[in-house]
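Presented below is the structure to which this report refers.
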There are 2 protein chains.
Amino acid sequence: MSERTIGQLAAVSNVSVETIRYYEHQGLLPAPKRRRSGYRIYSDDFLTRLGFIRRAKELGFGLKEIRDLLTLADDPQSDKKAVKSICEHHLAELEQRIEDLNHMRQALFKLAKQCDGRGSVRYCPIIESLNR
Amino acid sequence: MSERTIGQLAAVSNVSVETIRYYEHQGLLPAPKRRRSGYRIYSDDFLTRLGFIRRAKELGFGLKEIRDLLTLADDPQSDKKAVKSICEHHLAELEQRIEDLNHMRQALFKLAKQCDGRGSVRYCPIIESLNR
DNA sequence: CTTGACTCTATAGTAGACTACAGGGTTATA
DNA sequence: TATAACCCTGTAGTCTACTATAGAGTCAAG
């Protein structure tokens, strides 16, 4: 089975019908063939492409970056350098986010450790610290 | 100077006028006194409270959690345990997010390393991996 | 007293990634 | 052929934490 309606593609790809249409609208999926009735018809390529999108999302890429990656992937003329550059930008962003979260984690951990969790909130080191 | 208009509070707290009104609307700030004209008048307590909110935000708490913390802090009857519990929930969430980001970072790092960044995108290990 | 800066309320818009209608037409199955 | 299940477009709503705008009233300085 290599031609699917949107519902069938949704079923095999585990991406909802609405999301598939949304991806098309956002330029992540090309406009598919249509029946005379207007129904979209998807070839296997679209399944591959939805897999690409899913994996890129698992790496934390946003839809805009994914669209850029797909555009590069679609054109064999394009430079590997551009792909790598997008990845490295994203890597740097991930690292920044991790660092920020680690700072929060550290600070919160210290704070939570100071609180025995018993009694009234009156002398709560957490609250006191937030009130500085 | 212990009574401020909203603009003055905004200036000293570094929180915008709109955000202050928004916080009030969201229940993070109590309704302040008003002049007969309707203008809001803020005592020093509000500056402290905005500081609390800012520091809690620096720890990554969402406004809903901050509101809960403030509600607990406002009532000396409330339990320290409740405060600690909110913090530990948030800590767990931070750790989960860090773990997720670390997985992404690891995977993306490996991928980016495999790409020399030269030539056409035709045999790009990154694209190939996303296309699996 | 005028003028410009400030404040008021209520509503709408922003970003990102969807999700959910409403009001149609189409297709597959009994 | 009836009808349920599907598909179409376009628009609106969701979440979070604001930010912006409109239209009107108020305050302080000159």
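Chain naming here is simple, since letters A, B, ... match the order of the sequence lines and numbering starts at 1 in each. Computed over heavy atoms, backbone and side chain alike; hydrogens, waters and symmetry mates excluded.
- Evaluation of the salt bridge (charged side-chain N to carboxylate O under 4.0 Å, His left out) rule for B:Arg97 yields B:Glu93 as partners, not counting sequence neighbours.
- The side chain of B:Arg34 places an N or O atom within less than 4.0 Å of a non-bridging phosphate oxygen (OP1 or OP2) of C:dT9.
- As rounded to whole Å, 15 Å separates atom C1' of C:dC6 from atom CG of B:Leu9.
- As a whole-Å value, the separation of B:Asn14 CG from D:dT19 P is 11 Å.
- We find that CD of B:Gln26 is positioned 14 Å from C1' of D:dT19, with the value rounded to whole Å.
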Original post:
Once each nucleotide of nucleotides 12-30 of chain C is scored for protein heavy atoms under 4.0 Å, what B/S/- sequence comes out, 5' to 3'?
Top reply: -----BBS-----BBS---
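- In terms of position on DNA chain D, the residue among A:Gly38 and A:His25 whose nearest nucleotide sits closer to the 5' end is A:Gly38.
- Neither OP1 nor OP2 of C:dT7 sits under 4.0 Å from any side-chain N or O of B:Arg40.
- Checked against side chain to side chain donor-acceptor pair (under 3.5 Å), B:Arg67 has no partners two or more places apart in sequence or in another chain.
- Remark: B:Arg54 pairs with B:Glu58 by the side chain to side chain donor-acceptor pair (under 3.5 Å) rule, at least two apart or across chains.
- Between the CD1 atom of A:Ile20 and the P atom of D:dC6 there is a distance of 14 Å, rounded to whole Å.
- B:Asp45 meets the side chain to side chain donor-acceptor pair (under 3.5 Å) test with no other residue; sequence neighbours excluded.
- Listed by chain and number, the residues in a side chain to side chain donor-acceptor pair (under 3.5 Å) with B:Glu128 amount to none (sequence neighbours excluded).
- You'll find the side chain of A:Leu47 stays beyond 4.5 Å of the side chain of A:Tyr42, heavy atoms only.
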